[in-house]
Amino acid sequence: EATSGRILYRGRDIASMNGRELRQARRQVQIIFQDPFSSLDPRKCIGETIGKPLEIFGVGSGREREGMVDVLMEKVGLSPRLYYKYPHELDGGRRQRVGIARALSLSPDFIVCDEPVSSLDVSIQAQILNLLQELQEREKLTYLFVSHDLSVVKHISNRIAVMYLGKIVESASSPDLFHDTLHPYSQALLAAVPIPKLNRRRERIILEGGVPSPIAPPPGCRFHTRCPQRMDICASEEPRLVDAGGGHLVACHRVFGA
């Protein structure tokens, strides 16, 4: 249960739904989990796992569902011979493709990608990211892509929201955020990304102290205890998320000359 706030999807609050309405929402919204091993049932073969949502929602007969699973496996680049294989028999990349196929099985509009490549090797990450982009274009999907890897975020995102202790501190289109970074926390994150070119370095921004408890965040701006640009007002007044121009939102007193 949500402890507070609302979860709005197409203007409806998912947190307040129940019964038939919630069941219908689950068909429209699916998730790809971070760990492609622990998110798969080790007792079920790949075909069963991908077809389970179809079975739960009563889509097609048993024979028809098998055909649908074959199509889904082809969409995500899995060979039909893997239908009766178990998760432990596949590598991480193929297991994540199974998770993606399962998320696609009910033809959702919206998919939450919860750090879907963070546990994969770099070469496999690129394959999965390319697959997600191909599927997004082909299936007309919307992703909420969660990641700590800014190079991945830049590669896949149209719009980015940077969060600190559960609050959005900056939000902009991907080109805007990387070209004109406004919030000190966003600047520190980007400064930590290595440049893959010889003799080129970024000026590092070293943040002081540790991350405060998200259960009991500091007053005022949540980032002020570590911010190298903090002012007196930052410790007492929480900044609002304001449009700095062109839809580039930022929550920072210094940006607006407080």
Side-chain angles (χ1 to χ4, degrees), residues 29-54 66 68-163 174-175 177-178 186 189-198 200 202:
V29 181
Q30 291 291 308
I31 186 168
I32 300 167
F33 295 96
Q34 179 177 359
D35 185 348
F37 190 70
S38 63
S39 63
L40 301 179
D41 189 337
R43 300 165 299 177
K44 294 191 186 303
C45 70
I46 299 312
E48 286 181 284
T49 294
I50 296 172
K52 192 65 178 176
L54 298 170
E66 286 184 16
M68 293 176 191
V69 170
D70 287 339
V71 171
L72 286 164
M73 290 177 70
E74 184 180 349
K75 275 185 182 180
V76 300
L78 289 171
S79 169
R81 64 182 177 79
L82 300 175
Y83 191 103
Y84 293 105
K85 296 289 184 180
Y86 287 84
H88 71 273
E89 298 180 276
L90 306 182
D91 59 31
R94 286 193 178 91
R95 283 197 290 261
Q96 195 59 296
R97 288 173 190 267
V98 173
I100 294 169
R102 178 176 58 184
L104 290 172
S105 60
L106 294 171
S107 301
D109 303 316
F110 181 72
I111 297 180
V112 178
C113 302
D114 181 17
E115 300 202 49
V117 297
S118 63
S119 61
L120 304 176
D121 292 338
V122 175
S123 59
I124 305 299
Q125 283 186 15
Q127 294 175 21
I128 296 300
L129 287 172
N130 289 337
L131 171 64
L132 287 171
Q133 287 186 306
E134 288 170 18
L135 290 169
Q136 182 183 40
E137 199 170 311
R138 194 189 319 151
E139 306 293 325
K140 308 300 180 188
L141 296 167
T142 298
Y143 295 143
L144 173 60
F145 196 97
V146 183
S147 178
H148 290 90
D149 188 333
L150 287 175
S151 59
V152 169
V153 169
K154 185 178 183 180
H155 180 72
I156 200 166
S157 301
N158 301 110
R159 187 170 183 86
I160 299 169
V162 179
M163 298 186 73
S174 183
L177 191 93
F178 281 89
S186 305
L189 287 177
L190 288 176
V193 177
I195 300 175
K197 291 184 180 179
L198 195 62
R200 280 196 62 190
R202 280 195 180 95

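The figures that follow rest on heavy atoms only: side chains count, while hydrogens, waters and symmetry mates do not. Numbering starts at 1 and runs along the sequence shown.
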Exercise for the section: Could you tell me whether the side chain of His88 reaches within less than 4.5 Å of the side chain of Phe37, counting heavy atoms only? Expected result: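 Sidechains of His88 and Phe37: in contact.
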Listing, residues 93-109 side-chain donor-acceptor contacts under 3.5 Å, not counting sequence neighbours, or none:
unit_1: Arg94; atom_1: NH1; unit_2: Asp91; atom_2: OD2; d: 3.0
unit_1: Arg95; atom_1: NH1; unit_2: Pro87; atom_2: O; d: 3.1
unit_1: Arg95; atom_1: NH1; unit_2: Leu90; atom_2: O; d: 2.6
unit_1: Gln96; atom_1: NE2; unit_2: Phe33; atom_2: O; d: 3.1
unit_1: Gln96; atom_1: NE2; unit_2: Pro116; atom_2: O; d: 2.7
unit_1: Arg97; atom_1: NH1; unit_2: Val76; atom_2: O; d: 2.7
unit_1: Arg102; atom_1: NH1; unit_2: Ser39; atom_2: O; d: 3.2
unit_1: Arg102; atom_1: NH2; unit_2: Ser39; atom_2: O; d: 3.1
unit_1: Ser105; atom_1: OG; unit_2: Arg102; atom_2: O; d: 2.7

At what distance, to the nearest 0.5 angstrom, does [atom1] of [X] lie from [atom2] of [Y]?
X	Y	atom1	atom2	answer
Gln133	Arg138	CD	CZ	12.5 Å
His155	Ser174	NE2	OG	11.0 Å
Ile111	Leu141	CD1	CG	4.5 Å
Leu40	Asp35	CG	CG	8.5 Å
Ile128	Cys113	CD1	SG	11.0 Å
Ile46	Tyr86	CD1	OH	9.5 Å

Contacts of type side-chain contact (heavy atoms from CB on, under 4.5 Å), residue [X], not counting sequence neighbours:
X	answer
Val152	Val117, Gln125, Leu129, Phe145, Ser147, Asp149
His148	Glu115
Asp70	Tyr83
Val71	Lys75

Problem - Residues that Phe178 engages under ring pair (Phe, Tyr, Trp, His ring centres under 6.0 Å), provided they are two or more places apart - result: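 Ring pair (Phe, Tyr, Trp, His ring centres under 6.0 Å) check on Phe178 returns nothing, list empty.
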Exercise for the section: Write down the atom of Gly92, the atom of Pro36, and the distance for their closest heavy-atom approach. Expected result: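 That would be O-CG, 3.9 Å.
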Exercise for the section: Output yes when a side-chain donor or acceptor of Tyr143 lies under 3.5 Å from a complementary backbone atom of Leu132, and no otherwise. Expected result: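 Yes, Tyr143 side chain to Leu132 backbone: donor-acceptor pair under 3.5 Å.
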Practice task
Would you check, one step at a time, whether the test side chain to side chain contact (heavy atoms under 4.5 Å, CB included) holds for Lys154 with Leu150?
Solution key: CA-CA 6 Å; Lys154 185 178 183 180; Leu150 287 175; over 6 Å; no
